[in-house]
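Encoded as C-alpha cells, the structure appears first; notes follow it.
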2 protein chains.
Amino acid sequence: MKTSTLQDVARVANVSTATVSRSLSNPVVVSESTRRRVADAVKATGYRINHAARNLRTQRAHSVLVLLPDLANPFFSAILEGISRVLARQGYSMLIASTQHVHDSGERLIDYLDDARADGMIVLDGALETDVVEMLSSASQAERILFACEWVEDANFPSVRCENRTGTRIAVNHLYGLGHTKIAHITGPTGNVLGQIRKEAFVAELADLGLELKAEWIMTGDFTLAAGCLAAQEWIAMNDRPTAVFCASDQLAMGFIAELSRHDFKVPDHVSVMGFDDIDLAEQFIPPLTSIRQDRMMIGETAAKMLLARIVTPSEENLERATVLPVSLVIRESTSPP
Amino acid sequence: MKTSTLQDVARVANVSTATVSRSLSNPVVVSESTRRRVADAVKATGYRINHAARNLRTQRAHSVLVLLPDLANPFFSAILEGISRVLARQGYSMLIASTQHVHDSGERLIDYLDDARADGMIVLDGALETDVVEMLSSASQAERILFACEWVEDANFPSVRCENRTGTRIAVNHLYGLGHTKIAHITGPTGNVLGQIRKEAFVAELADLGLELKAEWIMTGDFTLAAGCLAAQEWIAMNDRPTAVFCASDQLAMGFIAELSRHDFKVPDHVSVMGFDDIDLAEQFIPPLTSIRQDRMMIGETAAKMLLARIVTPSEENLERATVLPVSLVIRESTSPP
DNA sequence: ACAAAATATGTAATCGATTACAAAAGTATC
DNA sequence: GATACTTTTGTAATCGATTACATATTTTGT
C-alpha cells in the first residue's frame, strides 16, 4: 500500500494542497472549520509527510550529524542521549559518523552540510587533523558546526564545554584537604586540549598551594585504561612515591588502580586516586571512584539547543559562542587521608 | 556561496542535465569523451549531489535507522561501528534513535520508513512492547526491518544473532572441565529472549552432564551490574554455595565479582565466574573475565549487509532470513579449578 | 450600505535530480 | 549507398511539499 500524499488529503478534505500544507505547518492562518476537515482527512488517509519532499523544498535536512572519534568510548553515550532528546523534540533526526570512517572513505566532512544530508554538525572530537579543521572553518556552512567537550584552539567554532580548569582545581584541593602534599598527575594525550588544560591547571594549582612537583610526577597518558596501567608501573618504580594521583580521565584512573591491585597495592590505602568525567562505571568500580563530574546529558542537550538555535534563526547575532557548564566533586572511596 | 547544481554542471560541460546525471550514476552508457567533459565540469563547479532531491526522485532515503534500547550500554558500541562501516561504504547514512525516546515522544517507529526518513531499520532491542511489534509486522515496509542480537519470538523478522545455545554449552563445559560440579547461573531479565535461551541451554547442559541443579542456583538478573551485586548477596547467603557461576552477561559477572570482593571473597579462589559477550572491559577487569565472545563488529556488519541486500534488491527471495554467527570461549583469570 | 482592511483559500511555480521516451549520431551488413 | 541496428544525447515529466502571488470571502469602520 502506497502511503498517501498531500494531494490525497486535499482531495478528501475538498481543499487545495496549499491549504492542507498550511493547515499542518501554520494552522493559525487557516479557519477553524477547514482545519478540522483537514485533520479528519489526514486521519482518514493515514497521511504522513514525506521528508524528502519537504527537505528539498525547504532546503533543510531536518537532521544533525554527530561526529565521534570512537563509538566505543562510554564517555559519549550520555552526551548522545542528551543530543538525541533535544533533536527528537524538535523533529530532527540524529546522524552518527565516526571521524575515523569518514577519513578512511576519503569523504569530506563538509559534504554532509553541502549536500543537504545534515543542517548542522556537533563535533565531539578535538583531535581532527589540521587540514580537516581548515576545510571546515573556511566552508560557507561553518557557522553550523559546533564543538562539544573538546574543541580546536585556533579555530573559532562555537562550543560547549565544562569547567576543566575549575574541576582540576577542585580535585587538587580535595586531595590537599585530605592531607596529601605529594600529588601526581596522569595526563591526557599530548596535543589534546582537554589534557593540556587540565595539566596546566594542575601545575598552577600545585604552585598556588606551594606544593612540590617533581617532573616524574607528571605521567603522560591518553585517557585510556591501558595508559593508566602503564602509569601504574611508573608509579611503582618511583623511589619517592606520591601519595595521591589525579588522573585526567576516569578510564585512566581505573587502569591505574587495576594495575596497582595486580601488584598488591591497595587504593586508597597505599595511594589515593581521582578521575575526571564521572562516567557511569565510576560508581560501580572497586573501589568506587572519586571523580569530577561532568553532566554529560546536559552537555549534549546544550549543544543540541545551541546548534538548533543557529540553524533555525541564523540571522540573530546574539548567539552564544561558548557555553561553559559547571562540574562538581563526587567523593567516593578511592581517596582518603594519606 | 550557493552550491552548484546539475544544471550548472550541464551548462559548463555543454550537455543536458540528463547526460550529467547518467555520467555520474551510470557512466557506462555515456561516451568516453563526454564523460571526461562532465568530470571536468564537476571539478570546475565543485558540484555535490543534493541528497534531498535525489531521495525525493528515487524514493530512497539512503539512510538506515538503528534502534537501541539504551545508548549508554557499552555492548552496542562495536555493533554500531560495524553497521556504520558497511553503510558508509555504500553511501548510506546511519540514523540513531533510542526506543525509549521514540516511545516518550509518541512517535511511531514505522513512520521513519513511511515518511522517507529511512530505508530500513536495524533493531537492537528485543524488548519492544507488543503493540509496537504488531504495528511493525503489519506494516507495508516490514521486510525492511531486521533484528540484531535480540529478536522477538512471535514475529517473523529477519535477524542476525549469535550461537547463544552453543555458547552457553561451551561455558558450562569449560567450568565442568575445570572440575566444577556445583554450577549456578545468573539469568537475564525475565521475558528477554537471550536470557531465556541461555537459561534453557544452561539447564539442558547440566542435565546432559548429569549434574545436580538446585532451584536457588538459578538467580534472576537483568544483564546489569546492579543485578550482579544482588546475586552476589544471594550467593553469600547460601548454605551450599556453588563453586562456579555462569552469568548471562559480562556486566552481571562484573557486578557479582565486585560485590563479592566487597565482602572479601576472591575470584576465582572462592568461586569461578564467567560472563557472556566479552565486552571491551572484560579484558581489563580484575580479575580479567573469562567469557563467551560474540564478535559484535561482525554482527553489525552482517546486519547492515543483510538489510542493504533487502533494500537494494527487494525482489530476490533467496534472501537470508536469519544468520547465526559463531561464538568462542575466551579463557582469562576469573575461572580456575575449584 | 459601501470602502477599506483583514482573513481565507486557490493557482501554479519551485526545489534538484532521475528517467521514459524520442531523436540523433554512429556502425555494420549486404 | 541504403537499411537495420546500436550507441549516445536531449526533452520534458516526475517525485511531494511549500509558498509567492492572486483571488475570493468576511469583517470593520463610518
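First the proteins, then the strands, lettered A, B, ... as listed; each starts at 1.
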Requested in this report: Nearest-nucleotide wise, let me know which of A:Leu56 and B:Arg54 is further upstream toward the 5' end of DNA chain C.
Outcome: A:Leu56
Query raised in the report: Just wondering, are more than 12 heavy atoms of other shown residues or ligands nearer than 6.0 Å to CE in B:Met297?
Result: yes
Query raised in the report: A:Asn55 has an atom CG; how far is it from atom C1' of D:dG16, in whole Å?
Result: 11 Å
Report task. Return the value, rounded to whole Å, for the distance between atom CG of A:Asp8 and atom P of D:dC15. Result -> 11 Å
Query raised in the report: Given A:Leu124, which of A:Asp70, A:Leu68, A:Leu67 fulfils the side chain to side chain contact (heavy atoms under 4.5 Å, CB included) condition?
Result: A:Leu68
Requested in this report: If the plane angle is over 60° it's perpendicular, under 30° parallel, otherwise tilted; pick one for B:His62 and B:Tyr92.
Outcome: tilted
Query raised in the report: What is the distance, rounded to the nearest whole Å, between atom CG of B:Leu6 and atom P of D:dA12?
Result: 18 Å
**Report entry** Stepwise salt bridge (charged side-chain N to carboxylate O under 4.0 Å, His left out) check, B:Asp280 with B:Arg296
**Finding:** CA-CA 10 Å; B:Asp280 295 345; B:Arg296 285 139 65 223; 3.7 Å; yes
Requested in this report: Any chance you could list the contact pattern along nucleotides 6-11 of chain C? Use B for base contacts, S for sugar-phosphate-only contacts and - for none, protein heavy atoms under 4.0 Å, 5' to 3'.
Outcome: --SBBB
Report task. Would you mind reading off the distance between B:Gln59 atom CD and D:dT14 atom C1', rounded to a whole angstrom? Result -> 10 Å
Query raised in the report: How many Å lie between CD on A:Gln7 and P on D:dT14, as a whole number?
Result: 11 Å
Requested in this report: Could you state the atom-to-atom distance from CG of B:Asp114 to P of D:dA17 in whole Å?
Outcome: 13 Å
Query raised in the report: How close or far is atom C1' of C:dC15 from atom CG of A:Asn50, stated in whole angstroms?
Result: 13 Å
Query raised in the report: Within this structure, what is the CZ-to-P distance between B:Arg60 and C:dA17, rounded to whole angstrom?
Result: 19 Å
Query - CZ-CG distance between A:Phe76 and A:Leu71, expressed to the nearest 0.5 angstrom - result: 9.0 Å
Query raised in the report: Is B:Ser21 touching bases, backbone alone, or none of the nucleic acid, heavy atoms closer than 4.0 Å?
Result: base
Requested in this report: From the options A:Leu65, A:Asp111, A:Asn55, select the one residue that forms a side chain to side chain contact (heavy atoms under 4.5 Å, CB included) with A:Arg117.
Outcome: A:Asp111
**Report entry** Criterion side chain to side chain donor-acceptor pair (under 3.5 Å) on A:Thr3 and B:Asp114, from CA distance to verdict
**Finding:** CA-CA 7 Å; A:Thr3 62; B:Asp114 276 345; 5.9 Å; no
**Report entry** Residue-phosphate contact under 4.0 Å: B:Tyr47 side-chain N/O, C:dA17 OP1/OP2
**Finding:** yes
